[in-house]
*Asks:* 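The structure under discussion is supplied below as C-alpha cells; questions concerning it will follow.
Below, each value reflects all heavy atoms present in this structure, side chains not excepted, and no hydrogens, waters or symmetry copies.
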Amino acid sequence: MVSTSRAFTFKCSPSLAFSTKTHMDTTPRSLHNPFTSSASRSPPREASQSASGDGSVAVQEWQAWGTSSPLPSVVARIVEDLKDMERDTDAHLSFGGNGGKLKGEFKIQEDKKHRAMYQALGDSEQKLQFFSARQIACRLLGSRGYLCQKCWLPLEDCMCSRVIPCKLWHGIRLWLYMHPKDFLRQNNTGKLLWQVFGIEAATLCLFGIPEQEEIMWNAFKLAGKSNVWCLYPNKNAVSKSVQDAFGQGSWTNFEGTETMNYGNGTLNFVLIDGTWSNSAAMFRRLKEQAKSVWGEEDISCISLSTGASAMHKLRPQPSWDRTCTAAAAIGLLSELQLLPNYNSCGLDEQAEAIEDALVILLEALTTRRLRMGRSITHDIFEFHGSTVRSLLQAKKSCGVNFEAQNYTIITSQCKGPQYPPKPCCQALKEFACPFADDINDEQTDCAATMFSYINLYGKYPPGLFASQCRESKEGLDCEQVLSPKASPSSSRGQITSIPSTFLMLTAAFLASLFHLF
C-alpha cells in the first residue's frame with residue numbers, strides 16, 4: 001500500500017532416588033554456543049549463599065524462578081552434593097559463561113565425579129533425570145544473586161517494571177515444556193508467557209523432572225485427550241491447522257466463567273521450548289507418556305498457518321519451526337481469534353500483550369549487548385533461546401552512520417524518571433523522520449541500529465518508545481516534521497506504509513544475535 005503521508009513504524013549419585021516411570025534413551029551432550037567468545041564471556045562468579053546461609057535451595061527460592069511446583073527432590077540432592085564437595089575440597093564453586101557453567105578447578109573435579117555417577121546409573125530414565133537435575137542445579141546456583149528471578153536477565157538489566165500483566169482467557173492453558181538447557185537463559189522467550197499471563201495460565205514443565213511432568217500429565221488426564229494439543233511441526237506426525245481443529249464441531253461454552261478452574265473442556269496447549277535437536281527427544285517423551293496414559297502414542301499436533309499475520313510480524317515468509325516460543329503462542333492466539341467460536345474471548349489483545357513483552361525483552365538484550373561492547377550489526381546466527389531456528393534473512397548494512405548522529409535532539413527533551421510521552425515521541429520523530437526511508441527498508445538493519453544507539457545514549461528503559469509512541473496502525477506520521485524541508489516532487493514524498501510491527505521485525509532480528517547467558 002502506498003501512502004501520501006510519511007510514516008515510520010516500530011512496534012521475541014547412585015544414592016540419589018530416581019523415578020523409573022518411563023524409559024527414554026537420552027544421552028547428555030554439550031551444546032555448542034556460536035555466540036560466546038573469550039572477549040565477551042561473563043567473568044567467573046562465586047556461588048552466592050541462599051537466604052538460609054547454608055547454600056541450599058529453599059522452596060520459595062525455587063518457585064520465584066517461575067513455577068508453583070515443589071522443589072524437585074533430585075535437584076535438591078545434587079545441590080547438596082555440590083555444596084558438600086565444595087566443603088570437602090580446597091576448590092570453590094565458581095560459575096561463568098552460558099548456562100551457569102562451572103569454572104576452574106572445581107569444575108575439573110566435579111566433572112569426573114558426575115560422569116562416573118552418570119555411567120553407574122541403571123537405565124536411561126535414571127540417566128535423563130540425573131542429567132536434567134544437574135543442569136538445573138548448576139543454573140540455580142550460578143544465577144543466584146546474578147539474574148532477576150522473574151525475567152531471567154542480569155539484575156542491572158531487569159525489565160520487569162516494563163512488562164504489563166494480562167489475563168489469559170480461562171478456556172486456554174499453556175504448558176511450557178522446557179529443556180533444562182533453556183532454563184534461566186536470558187534470551188529465552190517462553191518465560192514471557194508466565195510473566196504476562198501468570199504461572200497458572202502458562203505453566204513451566206521441565207523435561208526430565210518427574211514432579212513437574214506428573215503435574216502436567218495429571219492436568220491432561222483431567223482435561224481429556226481431546227483437549228490436549230502440541231504445537232510441534234513434526235513431519236512424521238499428523239498435524240491439523242487451527243481452523244481444522246477448532247473451527248467446526250461442538251464447543252464448550254465458558255461464557256460467564258471468570259475463575260481459573262482448569263478441568264474438563266479447557267484447551268491445553270504444549271509448547272516445546274528447546275533447540276530443534278532437543279525438541280525431537282522431548283516430543284518422543286510426550287508420545288511415550290501419552291501411550292502410558294491413553295494406551296496409544298498419538299498426541300494431537302497443531303501447525304500454524306504460514307500466512308498468519310502474527311507470524312508475518314517476525315519474518316516475511318514465516319513457518320512455525322522458524323520462530324520463537326513466544327511468537328508461536330502469539331500465532332496460536334491470533335489464529336484462534338479469527339474463528340467465530342473464539343472471537344469474543346479477547347485473544348487478540350492477549351497476543352498483543354505477548355508481542356509487547358517480546359519487544360521489551362529484545363530491547364533489553366540489545367542495550368546489554370551494546371553496553372558490553374559487542375556488535376549488533378554482523379552476520380545472522382542461529383538463536384538457541386527457544387524452539388527457534390533462524391528468525392530472519394541476513395540484512396544489508398545500513399547506509400546511514402547512526403553512530404555519528406546527534407542524539408541530544410531526543411535526550412534533551414525525553415527525560416526520566418517520568419519520560420512524558422508527548423515530548424518523548426515528538427523528539428523521536430524529529431530525530432528519526434529524516435531517515436524514514438532508510439528505517440522503513442526491511443532489507444537493511446537501519447531500524448535496529450538506530451534504536452540501539454537511542455537506547456544506549458539516552459539510557460532509556462526497555463520498551464519505552466514501543467509502548468508510548470503509537471499514532472496509528474501505519475506508524476508515526478512524519479508529514480508535519482518534514483513538510484517544510486521536503487519538496488513535493490521529491491521521491492521521498494511518498495513511502496510504503498509499513499504495518500505497526502516493524503520494531504517487532506527488527507527485534508526478532510536482534511534476538512538472533514544475542515546469546516548473553
*Asks:* What do the steps show when you test Lys127 against Asp123 for salt bridge (charged side-chain N to carboxylate O under 4.0 Å, His left out), and what is the final call?
*Replies:* CA-CA 6 Å; Lys127 290 181 176 181; Asp123 59 36; over 6 Å; no
*Asks:* Do Ile199 and Thr203 have side-chain heavy atoms sitting under 4.5 Å apart?
*Replies:* no
*Asks:* Contact between Glu403 and Thr449 at the side-chain level, heavy atoms closer than 4.5 Å - yes or no?
*Replies:* no
*Asks:* What's the verdict on salt bridge (charged side-chain N to carboxylate O under 4.0 Å, His left out) for Lys225 and Asp298, showing C-alpha distance, side-chain angles and the deciding distance?
*Replies:* CA-CA 10 Å; Lys225 184 177 183 295; Asp298 177 47; 3.2 Å; yes
*Asks:* Does the side chain of Cys230 come within less than 4.5 Å of Phe269's, by heavy atoms?
*Replies:*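 Not touching, per the 4.5 Å side-chain cut-off.
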*Asks:* Can you confirm whether Thr275 sits close enough to His179 that some side-chain heavy atom of one is under 4.5 Å from a side-chain heavy atom of the other?
*Replies:* no
*Asks:* Over 60° means perpendicular and under 30° means parallel, so classify the ring planes of Tyr118 and Phe130, tilted if in between.
*Replies:* tilted
*Asks:* A side-chain contact here means heavy atoms from C-beta on lying under 4.5 Å apart; do Val270 and Trp229 qualify?
*Replies:* no
*Asks:* Under 6.0 Å from the CG atom of Leu155, do we count more than 12 heavy atoms belonging to anything else shown?
*Replies:*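 Yes.
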*Asks:* With the threshold set at 4.0 Å, does a side-chain nitrogen-carboxylate oxygen contact exist between Arg285 and Glu125?
*Replies:*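 Glu125 and Arg285: salt-bridged.
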*Asks:* Before accepting this row, confirm whether a basic side-chain N of the pair Glu200/Arg173 lies closer than 4.0 Å to the acidic partner's carboxylate O.
*Replies:*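 Yes, this pair counts.
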*Asks:* Determine whether Glu156 and Arg368 satisfy the following criterion, salt bridge (charged side-chain N to carboxylate O under 4.0 Å, His left out), listing intermediate values before the conclusion.
*Replies:* CA-CA 9 Å; Glu156 64 268 27; Arg368 176 172 176 79; 3.3 Å; yes
*Asks:* Relative to each other, are the rings of Tyr457 and Tyr453 parallel, tilted or perpendicular (30° and 60° limits)?
*Replies:* parallel
*Asks:* Roughly how far, to the nearest 0.5 Å, is the CG atom of Leu176 from the CG atom of Leu193?
*Replies:* 5.0 Å
*Asks:* Side chains of Arg144 and Val57: closer than 4.5 Å at any heavy-atom pair?
*Replies:* yes
*Asks:* Taking only residues two or more places apart in sequence or in another chain, which ones pass side chain to side chain contact (heavy atoms under 4.5 Å, CB included) with Lys291?
*Replies:*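 Partners of Lys291 under the side chain to side chain contact (heavy atoms under 4.5 Å, CB included) test: Glu297.
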*Asks:* To the closest 0.5 Å, what do you measure between CG (Asp88) and NZ (Lys83)?
*Replies:* 12.5 Å
*Asks:* Using salt bridge (Lys or Arg N to Asp or Glu O under 4.0 Å) as the criterion, list what pairs up with Arg115, not counting sequence neighbours.
*Replies:* Asp111
*Asks:* Would you check if the side chain of Trp65 reaches a backbone N or O of Cys148 as a donor-acceptor pair within less than 3.5 Å?
*Replies:* no
*Asks:* Could you go through Asp273 and Lys191, starting from their C-alpha distance and side-chain angles, then the distance that decides it, and tell me whether this counts as salt bridge (charged side-chain N to carboxylate O under 4.0 Å, His left out)?
*Replies:* CA-CA 10 Å; Asp273 198 355; Lys191 65 188 177 186; over 6 Å; no
*Asks:* According to the salt bridge (charged side-chain N to carboxylate O under 4.0 Å, His left out) rule, which pairs have a member within residues 128-138, sequence neighbours left out?
*Replies:* Glu110-Arg134
*Asks:* Between Thr266 and Ile172, is there a side-chain heavy-atom distance shorter than 4.5 Å?
*Replies:*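 Counting from C-beta outward, Ile172 and Thr266 never come under 4.5 Å.
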*Asks:* Examine Lys167 relative to Phe197 and say whether NZ or CZ is less than 6.0 Å from the centre of the six-membered ring and inside a 45° cone about the ring axis.
*Replies:* no
